[in-house]
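The structure appears below as structure tokens.
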There are 2 protein chains.
Amino acid sequence: MTDRSLFGHIFVTGQSLLIIMPKETFHNLPEEKKSQFINTALEEFAGNNFDTASITRIVKNLGIAKGSVYQYFEDKLDLWLYLKEYCEGVKMSYVRSVSRRDYDSFWSYYRAMFRHGINFDLEQPRCSLFLYRVGFKESSRQVREYLDSWKKKANEAFMPWIEHEKKTGAFDPSVSTETIAHFLVTMSISIAELLQSRYKVDFDENIREGKPLFAADEEALMQAVDELIYLFEKSLK
Amino acid sequence: MTDRSLFGHIFVTGQSLLIIMPKETFHNLPEEKKSQFINTALEEFAGNNFDTASITRIVKNLGIAKGSVYQYFEDKLDLWLYLKEYCEGVKMSYVRSVSRRDYDSFWSYYRAMFRHGINFDLEQPRCSLFLYRVGFKESSRQVREYLDSWKKKANEAFMPWIEHEKKTGAFDPSVSTETIAHFLVTMSISIAELLQSRYKVDFDENIREGKPLFAADEEALMQAVDELIYLFEKSLK
DNA sequence: CACGATTGTGACCGACCGGTCACTTTTTGG
DNA sequence: CCAAAAAGTGACCGGTCGGTCACAATCGTG
């Protein structure tokens with residue numbers, strides 16, 4: 001089995017404003033070293049769950065002393081939280097630009113969100129895989145309280161839109177808003193899994209070799225997306 | 001975050017015939033001790049991923065020596081594989097009885113499968129949660145090659161049915177069989193997540209306290225199921 | 001009962017973990 | 001140039017892990 005995908009986070013919006021900061025020591029690091037640290041740490045946490053990820057391996061890969069990590073961060077959890085917020089920020093920068101106002105139908109808007117999500121995956125594979133793991137694979141007790149919020153948020157973010165689309169007649173008003181929200185969020189996630197199984201992508205291998213997550217070209221991906229959106233449209237009309 | 005659900009395995013059919021057996025030592029154990037061992041081991045592996053689950057904790061809970069485990073099983077992986085096959089067998093005994101021939105429409109058949117799946121969850125919570133973990137949360141390199149097969153199998157198992165329903169006019173023939181299979185399998189899984197978030201079930205807690213996974217009564221669950229099935233029907237018609 | 005075979009035991013092994021801290025090295029700025 | 005402050009270091013700590021093995025207890029059978 002290869003790790004499965006991502007995309008689930010495309011629709012997260014709420015994102016906390018309180019940025020959890022590492023110690024100033026990390027902040028003061030030259031940009032070059034900082035991004036090298038983030039990259040290496042992200043590689044470890046994208047390929048392992050919280051409990052299995054190893055600080056020892058990270059410092060070995062970086063060629064620095066273990067003590068340095070603890071001058072930058074309080075502990076393993078602090079580092080993990082920083083990486084999480086960092087990646088959420090990166091993701092946001094991809095999705096923020098898509099606004100409902102710029103599209104006349106809900107489904108063209110939905111489709112545009114998806115294309116931006118794919119770009120995020122292509123250009124930020126480590127971020128994307130890490131967030132995927134946080135959202136779907138993680139089950140460590142140490143981070144439990146910090147998980148899962150995004151799925152609820154995604155559901156809630158959809159609800160006002162759904163109510164609106166019901167009024168314009170785009171959505172079937174006899175189905176409860178919650179069920180529709182669940183349906184949309186779930187399918188957004190599942191599209192990525194469909195793409196993965198159809199194109200037989202091995203995310204782990206791509207991560208290890210620094211390649212983008214998807215080898216197939218973007219148009220082929222969007223075609224698969226369109227086929228599924230066709231199903232959604234029919235079911236929610 | 002609580003662990004999420006299950007049900008995904010409802011539609012698995014293919015199941016290997018080669019039963020991976022523990023050493024005879026385990027086989028010769030009195031039934032009482034055997035089931036106590038399985039129960040305790042299952043509790044550990046239902047609550048932890050492969051890497052995090054601890055043989056040391058299992059023997060502590062059982063009050064036996066660690067060496068005994070290695071007289072019953074080759075190693076941790078052997079034990080895990082045995083538990084996996086054991087649980088798949090238990091699950092099969094719930095689902096095997098449902099046959100397409102006994103239902104005139106695909107959707108009444110689908111619905112019946114679901115009810116049996118819910119019974120499996122209610123009566124075999126540890127099995128169900130363990131299989132859920134194997135199918136959705138596990139990412140240890142040590143078991144990677146043994147994961148995931150069921151999702152492909154579930155997809156493939158659906159395909160002949162879908163082809164058939166296309167001919168009878170129940171399914172839209174313009175959508176590819178693979179996409180429909182993916183859609184059905186994904187939604188089967190997601191229904192459980194919907195139920196969980198709607199009824200705010202904490203699987204982990206229920207497991208620890210030996211309760212069934214769902215507190216809500218079966219009819220309420222089936223009502224939520226029906227609402228989603230209504231969406232599927234519309235989209236695939 | 002006796003004695004070989006089977007089963008049960010837990011101290012022990014090497015490996016790895018997150019985290020610490022006395023110490024060295026580098027940077028800063030008067 | 002030098003001293004004080006900041007950053008970097010890696011041996012070391014206590015702990016947990018999966019797995020082993022010499023030995024003890026128990027069982028089956030003549």
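These numbers come from the heavy atoms of this one structure, side chains and all, not from hydrogens, waters or symmetry mates. So you know, we letter chains A, B, ... as the sequences are listed, proteins then strands, and number each from 1.
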Tell me whether the side-chain N/O atoms of R57(A) come closer than 4.0 Å to OP1 or OP2 in dC16(C). no
Could you check how far CG of N48(B) sits from P of dT16(D), rounded to whole Å? 15 Å
Partners meeting ring pair (Phe, Tyr, Trp, His ring centres under 6.0 Å) with Y72(B) (sequence neighbours left out): F26(B), F37(B)
Have a look at L77(B) and say if it touches a base, only the backbone sugar-phosphate, or nothing, with a 4.0 Å heavy-atom cut-off. nothing
Please check the phosphate of dT6(C) (OP1 and OP2 only) for any side-chain N or O of N28(B) closer than 4.0 Å. no
Please check if any side-chain donor atom of S139(B) sits under 3.5 Å from a side-chain acceptor atom of R144(B), or the reverse. no
Using whole Å, what does the distance between atom P of nucleotide dT6(C) and atom CG of L29(B) come to? 16 Å
Check the distance between dG18(D)'s P and K60(B)'s NZ and give it to me in whole angstrom. 11 Å
Apply salt bridge (charged side-chain N to carboxylate O under 4.0 Å, His left out) to residues E88(B) and K84(B) and explain how you reach the verdict. CA-CA 6 Å; E88(B) 283 172 350; K84(B) 179 167 172 283; 3.4 Å; yes
Less than 4.5 Å apart, side chain to side chain, heavy atoms only: is that true for T177(B) and F158(B)? no
Measure the distance from CD1 on I64(A) to P on dT26(C) and round it to the nearest whole Å. 16 Å
Using whole Å, report how far CG of L79(B) lies from C1' of dC17(D). 15 Å
Describe the nucleic acid contact of Y72(B) in one word from base, sugar-phosphate, nothing, applying a heavy-atom distance below 4.0 Å. sugar-phosphate
Any chance you could list the contact pattern along nucleotides 20-29 of chain D? Use B for base contacts, S for sugar-phosphate-only contacts and - for none, protein heavy atoms under 4.0 Å, 5' to 3'. BB--------
Would you call R57(B) and E44(B) a salt bridge, using N to O less than 4.0 angstrom? yes
Please check: side-chain N/O of T186(B) versus main-chain N/O of F183(B), any donor-acceptor pairing under 3.5 Å? no
Between dG18(C) atom C1' and F73(A) atom CZ, what is the distance in whole Å? 15 Å
Hey, which of these two, A53(A) or T25(B), hits DNA chain C nearer its 5' end, going by closest nucleotide? T25(B)
Tell me which nucleotide among dG18(C), dG8(C), dG19(C) gets nearest to the side chain of D75(A). dG19(C)
Side chain of A65(A) only, please: which of dA7(D), dG10(D), dG18(C) is the nearest? dG10(D)
Run the side chain to side chain contact (heavy atoms under 4.5 Å, CB included) test on W80(A) and F130(A) for me, step by step, so that the C-alpha distance in whole Å, both residues' side-chain angles and the decisive distance to 0.1 Å come before the verdict. CA-CA 10 Å; W80(A) 185 86; F130(A) 173 67; 3.8 Å; yes
Separation of dC17(C) C1' from K76(A) NZ (nearest whole Å): 8 Å
To the nearest angstrom, the CD1-C1' distance between I58(B) and dG19(D) comes to 14 Å
